[in-house]
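Chain letters run A, B, ... following the sequence lines, proteins first and then strands; every chain starts at 1.
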There are 2 protein chains.
Amino acid sequence: MALEGDGIPLLSAGFDDDDVHQLAAAKLQVFSQRYTRNRRLVVGALLHCGPSTIAEILNHDHALAQSSTYRSLVVLEEAGVVHRIVTTDDHARFELTEEITGHHHHHLVCRGCGAITDVSLPSDVERQLDQALAEAARRHRFTTDHHRVDLVGLCENCVDR
Amino acid sequence: MALEGDGIPLLSAGFDDDDVHQLAAAKLQVFSQRYTRNRRLVVGALLHCGPSTIAEILNHDHALAQSSTYRSLVVLEEAGVVHRIVTTDDHARFELTEEITGHHHHHLVCRGCGAITDVSLPSDVERQLDQALAEAARRHRFTTDHHRVDLVGLCENCVDR
DNA sequence: TTTACTGCAAAGGGTTTGCAACATG
DNA sequence: CATGTTGCAAACCCTTTGCAGTAAA
């Protein structure tokens with residue numbers, strides 16, 4: 001199983017690729033959607049490559065057609081299997097949702113190469129932040145879906161170029 | 001002067017529109033760029049409307065041509081006068097930078113109408129978050145430009161529709 | 001008066017969609 | 001078999017760019 005840089009498993013112990021696929025299938029079923037070969041390939045690519053652009057997904061699996069991949073991602077997003085990551089502004093990136101991976105995390109967004117690295121914060125910081133954000137939302141009568149904490153900058157490879 | 005919902009002035013006391021324009025002109029001058037009528041109009045629109053899309057800027061000032069506005073925003077962004085906000089995925093949004101407004105803040109991003117509301121967090125939360133993020137970046141040898149903390153959800157107007 | 005900026009219109013490029021063929025339950 | 005899914009190619013739409021005319025230092 002893939003391990004994250006912090007030593008935190010991307011998936012909790014016992015979660016393997018099959019579990020992810022089963023969970024994805026179950027989530028699609030709720031929306032009366034089939035877990036087809038293409039959709040499985042897309043999930044497989046994300047499982048294998050982490051946060052990826054469409055181009056990276058297509059490149060990882062030449063069996064996938066571009067338009068179908070876009071359509072698969074729409075369905076997978078609606079079902080809560082994948083999540084669209086907003087980065088700087090070029091290509092869209094997708095990753096498996098926390099509901100699938102069971103792992104809350106944030107992103108280091110490289111403005112050089114666009115790469116995204118997952119990081120997690122100490123749980124006490126996360127908790128305090130959640131409270132402060134909830135309070136801010138309440139003040140503005142804002143209904144929160146999720147929060148987004150990103151660091152924008154340059155990754156190790158791009159910084160010395 | 002425009003006041004923020006939290007009762008925190010968007011600009012520190014004594015800052016008025018003229019100060020913003022002077023500061024913008026100074027920042028452009030560093031890059032040998034002129035603070036022209038168009039660029040002033042764009043800054044004026046952002047000053048008046050807050051985080052805005054190109055369409056909103058054009059709508060606010062019918063004297064502005066679309067292509068010129070795009071070009072103005074590129075120059076203003078390079079000079080550190082405006083900042084591109086990445087939201088869900090439709091149109092780009094722009095706001096005046098914190099260097100101009102002197103006010104660190106975060107965003108409530110409405111996935112219904114795309115509206116962006118500025119909020120600020122208690123300084124102790126902000127400080128603790130900064131430390132945790134700096135530590136995460138260090139672990140990954142990541143060079144941070146800035147952090148981004150957003151709440152994604154539905155604004156007051158969009159929630160009951 | 002030189003250099004940078006503007007505006008129109010056309011091109012670019014990631015994403016979406018129409019439609020006929022296909023596969024899955 | 002009926003319905004949902006796929007793939008090709010064309011359409012979309014926000015954004016960028018070429019170029020001739022204009023304004024700013």
Side-chain angles (χ1 to χ4, degrees), chain A residues 21-22 24-45 51-79 81-94 113-114 116, chain B residues 21-22 24-45 51-59 61-79 81-94 111 113-114 116:
Chain A
H21 286 302
Q22 273 189 11
K27 281 182 164 292
L28 284 178
Q29 201 159 34
V30 172
F31 287 76
S32 308
Q33 298 279 355
R34 301 168 185 162
Y35 196 46
T36 62
R37 170 183 151 280
N38 276 357
R39 294 172 185 176
R40 176 181 286 265
L41 286 178
V42 170
V43 169
S52 311
T53 62
I54 307 282
E56 287 166 353
I57 294 172
L58 292 176
N59 198 55
H60 180 262
D61 248 306
H62 293 237
L64 287 168
Q66 178 175 272
S67 63
S68 302
T69 301
Y70 275 106
R71 276 194 271 233
S72 293
L73 286 167
V74 169
V75 172
L76 290 169
E77 189 174 22
E78 282 171 358
V81 176
V82 307
H83 176 71
R84 183 186 300 257
I85 307 174
V86 176
T87 60
T88 48
D89 215 2
D90 41 343
H91 310 13
R93 280 180 181 265
F94 292 86
C113 62
I116 295 195
Chain B
H21 286 301
Q22 274 190 10
K27 281 182 165 291
L28 284 177
Q29 201 159 34
V30 173
F31 288 76
S32 307
Q33 298 280 353
R34 300 167 185 163
Y35 195 47
T36 61
R37 171 184 151 281
N38 276 358
R39 294 170 184 177
R40 176 180 285 265
L41 285 178
V42 169
V43 170
S52 310
T53 61
I54 307 281
E56 286 166 354
I57 294 172
L58 292 176
N59 197 55
D61 247 306
H62 293 236
L64 288 169
Q66 179 176 272
S67 64
S68 303
T69 301
Y70 275 106
R71 277 195 270 234
S72 293
L73 286 167
V74 169
V75 172
L76 291 170
E77 189 175 23
E78 282 171 359
V81 177
V82 307
H83 174 71
R84 182 186 300 259
I85 307 175
V86 176
T87 60
T88 49
D89 214 1
D90 40 344
H91 311 12
R93 279 179 182 266
F94 292 85
R111 65 171 166 72
C113 62
I116 295 195

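- Rounding to the nearest 0.5 Å gives a distance of 5.0 Å between NE2 of A:H21 and CZ of A:R40.
- Residues A:L28 and A:L76 meet the side-chain proximity criterion, which asks for heavy atoms closer than 4.5 Å.
- What separates CZ of B:F31 from P of C:dC5 is a distance of 13 Å, to the nearest Å.
- Looking at residues 68-76 of chain A, you'll see A:S68, A:R71 sit with a heavy atom under 4.0 Å from some atom of DNA chain D.
- Note that CG of B:L73 and CD1 of B:I57 are 5.0 Å apart. Values are rounded to the nearest 0.5 Å.
- Applying the 6.0 Å contact sphere to CD of A:Q29 captures no more than 12 heavy atoms from other residues, nucleotides or ligands.
- Looking at heavy atoms from C-beta onward, B:Q33 lies in side-chain contact with B:R39 at the 4.5 angstrom threshold.
- Looking at B:I54 and B:H91, their side chains never come closer than 4.5 Å, going by heavy atoms from C-beta outward.
- Note: NE2 (A:H91) to C1' (C:dG13) measures 9 Å, nearest angstrom.
- Separating the CD atom of B:E77 from the C1' atom of D:dT15 is a distance of 13 Å, rounded to the nearest angstrom.
- Contact annotation: the side chain of A:L64 approaches that of A:N38 to within less than 4.5 Å [non-hydrogen atoms, C-beta and beyond].
- Rounded to 10 degrees, the angle separating the terminal helix axes of the helix from C:dT1-D:dA25 to C:dG25-D:dC1, each built from five base pairs, is 40°.
- Here C:dG7 presents its C1' atom at 15 Å from CD1 of B:I54, a figure rounded to the nearest Å.
- Taking atom CG of A:L64 as the reference point, atom C1' of D:dT5 lies 13 Å away to the nearest angstrom.
- Side-chain contact check for A:V42 versus A:F94: every heavy-atom pair is 4.5 Å or farther apart.
- Of the residues in residues 32-40 of chain A, those lying under 4.0 Å from DNA chain D by heavy-atom distance are A:Q33, A:R34, A:T36, A:N38, A:R39.
- Between A:R37 and A:A63, the closest heavy-atom pair is NH2-CB, 3.3 Å.
- As a whole-Å value, the separation of B:R84 CZ from D:dC14 P is 15 Å.
- Heavy atoms only, all atoms of each residue included: A:E78 and A:F31 are closest at O-CZ, 3.4 Å.
- Following rounding to the nearest Å, A:Q29 (CD) and D:dT3 (C1') show an atom-to-atom distance of 16 Å.
- A salt bridge (Lys or Arg N to Asp or Glu O under 4.0 Å) with B:E77 holds for exactly one of B:R84, B:K27, B:R71; it is B:R84.
- If you take CD of A:Q66 and C1' of D:dC8, they are 11 Å apart, rounded to a whole angstrom.
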